[in-house]
Visitor: 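The following block contains the structure, expressed as structure tokens.
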Amino acid sequence: MIKGLLTSMPGNRWQNHRWIVTFGIAVLLLPVVMEDRYYLHMAVTVGLMAYLTMAWNIVGGLAGQDSFGHAAFIGVGAYTSTLLFIHYQITPWLGMLAGGVLAVLLSMVVGIPCFRLRGTFFSLSTLALAEVVRIIVINTETLGPFDVRGAAGILVPLKGNMPWLFQFNDKIWYYYIIWGMTMLVYYITYRLKTSKYGLFLAAVADDEEAAQANGVNVLKAKMLALVISAFLAALGGTFYAQFYRSVDPGNILSIPFSIELVLLGIVGGTKSIYGPIVGAVLLTPIGEYARVYLGGGFAGLHKVVYGLVLVGIILFLPNGLTSLPTVIRRRYRRAADGSGAKTAPKT
């Protein structure tokens with residue numbers, strides 16, 4: 001029935017989205033068969049990393065700008081909503097929007113000068129942004145009426161099972177919220193990519209000089225991508241704070257956290273709108289298992305695993321895992337054409 005409804009859509013969208021629709025149905029049904037609460041926790045973590053990577057991919061994939069500073073936007077969202085909740089009892093559902101606005105302002109402040117740089121210089125400037133924000137936060141005890149608490153971080157006050165305060169006793173609600181947010185970002189990314197603006201971004205990602213020569217306002221196109229990406233990343237920061245019930249600047253504002261999003265995007269495939277989901281589903285459980293079972297004697301091993309997977313992807317699948325079916329089809333056709341040529345009768 002679902003397939004019949006989808007095939008009736010204009011442009012036969014079922015052919016374009018059958019993978020994500022099937023995946024979405026699996027996400028809905030997964031908690032029904034999941035008995036261990038630890039695996040539910042991991043599923044929430046995977047969803048969060050998929051969401052944040054998809055938010056990064058708007059500027060890192062669609063616009064082709066390798067930003068290494070998205071931890072700053074995530075941290076702004078987490079701190080804003082949490083501080084408003086603690087000091088003014090504003091629900092994080094509203095606080096996350098305030099955090100998103102502040103992240104947009106931050107992206108505009110740093111985006112204009114940083115986007116005048118290209119390639120490695122732009123990546124290093126965004127890396128410096130995240131580090132500057134982290135250093136400022138860990139050295140700030142109070143900011144006006146807000147108790148930031150520096151390197152100690154902030155604990156989210158527990159109010160019990162209060163959905164209107166973004167707090168639930170059962171993690172299944174966090175599971176459905178984060179995967180719903182991920183599907184929403186997937187839809188936003190799809191609409192951006194298939195719009196006229198998406199064509200501008202593709203041109204900018206391919207060759208900025210050529211795009212500029214053809215009338216594309218390159219700075220405006222990149223700035224809009226960064227603004228959207230920063231806003232969505234900040235919303236994910238609020239979820240991070242409410243789910244883990246703390247905001248630790250050593251983690252949420254760290255350079256490794258920013259780089260991890262880039263790695264997940266590259267492994268999954270930055271040119272595909274569902275590549276970040278593939279990267280998160282593959283690598284995040286590996287990292288979690290490494291932390292749990294090998295963290296005592298082999299701390300940081302999951303980073304080594306990330307590096308090995310990344311090297312393999314770059315060598316054999318430079319466009320990410322989502323390009324694997326295309327690569328297989330091409331090799332099969334080449335093999336078939338070669339076989340046909342060898343067996344063709346002489347004339």
Side-chain angles (χ1 to χ4, degrees), residues 44-60 67-88 90-111 126 129-138 140 143 146 148-151 153-157 165-167 174-175 177-182 184-185 188 226-262 264-265 276 280 284:
V44 176
T45 303
V46 171
L48 176 60
M49 295 308 297
Y51 172 87
L52 293 176
T53 307
M54 291 196 73
W56 169 86
N57 198 53
I58 292 175
V59 67
S67 169
F68 286 86
H70 262 56
F73 306 130
I74 299 170
V76 165
Y79 268 95
T80 301
S81 61
T82 303
L83 290 174
L84 289 175
F85 177 50
I86 292 174
H87 293 278
Y88 296 105
I90 297 176
T91 172
W93 293 109
L94 295 178
M96 68 193 308
L97 299 178
V101 171
L102 288 181
V104 166
L105 295 177
L106 177 62
S107 69
M108 295 175 67
V109 168
V110 302
T126 58
L129 159 68
E131 186 63 8
V132 167
V133 172
R134 186 187 71 84
I135 292 173
I136 291 175
V137 170
I138 64 176
T140 302
L143 182 64
F146 301 112
V148 181
R149 300 192 61 192
I154 306 174
L155 294 178
V156 177
L165 294 180
F166 212 129
Q167 294 191 9
Y174 292 104
Y175 171 86
I177 289 172
I178 192 56
W179 280 108
M181 291 171 64
T182 302
L184 177 61
V185 178
I188 292 172
L226 180 61
V227 164
I228 296 173
S229 180
F231 180 82
L232 294 174
L235 300 187
T238 295
F239 182 90
Y240 180 104
Q242 294 302 313
F243 178 65
Y244 292 108
R245 295 179 177 174
S246 66
V247 184
D248 179 9
N251 290 326
I252 198 170
L253 291 172
S254 66
I255 290 177
F257 190 34
S258 291
I259 294 177
E260 187 171 357
L261 301 182
V262 180
L264 295 180
T284 303

Visitor: Taking the side chain from Tyr240 and the backbone from Val247, do they hold a donor-acceptor pair closer than 3.5 Å?
Guide: no
Visitor: Who pairs with Leu155 by side-chain contact (heavy atoms from CB on, under 4.5 Å), at least two apart in sequence or on another chain?
Guide: Ser246
Visitor: What I'd like to find out is whether the side chain of Tyr79 reaches to under 4.5 Å of the side chain of Pro249, using heavy atoms alone.
Guide: yes
Visitor: Would you tabulate the side-chain donor-acceptor contacts of residues 69-78 under 3.5 Å, counting partners in other chains and residues two or more places apart, or write 'none'?
Guide:
unit_1: His70; atom_1: ND1; unit_2: Ser67; atom_2: OG; d: 3.1
unit_1: His70; atom_1: NE2; unit_2: Ser229; atom_2: OG; d: 2.6

Visitor: Does any non-hydrogen side-chain atom of Met49 lie less than 4.5 Å from one of Leu261?
Guide: yes
Visitor: Could you give the distance from CG (Leu83) to CZ (Arg149), rounded to the nearest 0.5 Å?
Guide: 11.5 Å
Visitor: For the atom pair CD1 (Ile178) and CG (Leu48), what is the distance rounded to the nearest 0.5 Å?
Guide: 5.0 Å
Visitor: Donor-acceptor pairs under 3.5 Å, side chain of residues 91-104 to any protein atom, not counting sequence neighbours: which ones?
Guide:
unit_1: Thr91; atom_1: OG1; unit_2: Trp93; atom_2: N; d: 3.3
unit_1: Thr91; atom_1: OG1; unit_2: Trp164; atom_2: O; d: 2.5
unit_1: Trp93; atom_1: NE1; unit_2: Pro163; atom_2: O; d: 2.8

Visitor: Which heavy atom in Thr53 sits nearest to a heavy atom in Gly265, and how many Å separate them?
Guide: CG2-N, 3.5 Å
Visitor: Closest approach of Asn251 and Phe257, non-hydrogen atoms and distance?
Guide: O-CB, 3.5 Å
Visitor: What residues form a side chain to side chain donor-acceptor pair (under 3.5 Å) with Thr182, not counting sequence neighbours?
Guide: none
Visitor: State, yes or no, whether a side-chain contact exists between Ile154 and Phe146 at a heavy-atom distance under 4.5 Å.
Guide: no
Visitor: For Thr45, what residues pass the side chain to side chain donor-acceptor pair (under 3.5 Å) criterion, not counting sequence neighbours?
Guide: Tyr244
Visitor: With a 4.5 Å cut-off on side-chain heavy atoms, are Trp56 and Val262 touching?
Guide: yes
Visitor: Rounded to the nearest 0.5 Å, what's the gap from CZ on Phe85 to CZ on Phe166? Could you check?
Guide: 11.5 Å
Visitor: Who are the side chain to side chain donor-acceptor pair (under 3.5 Å) partners of Glu131, not counting sequence neighbours?
Guide: Arg134
Visitor: Rounded at 0.5 Å granularity, tell me how far CD1 in Ile58 sits from CD1 in Ile188.
Guide: 6.5 Å
Visitor: Looking only at heavy atoms, which two atoms of Ala241 and Thr82 are closest? And how far apart?
Guide: CB-OG1, 3.5 Å
Visitor: Spell out, as yes or no, whether a donor-acceptor pair under 3.5 Å connects the side chain of Gln167 to the backbone of Pro157.
Guide: yes
Visitor: CD1 of Ile177 to CZ of Phe243: how many Å apart, nearest 0.5 Å?
Guide: 11.0 Å
Visitor: To the nearest 0.5 Å, tell me how far Thr140 OG1 sits from Ile135 CD1.
Guide: 11.0 Å
Visitor: Can you give me the closest heavy-atom contact between Thr238 and Ser81, atom names plus distance?
Guide: OG1-OG, 3.0 Å
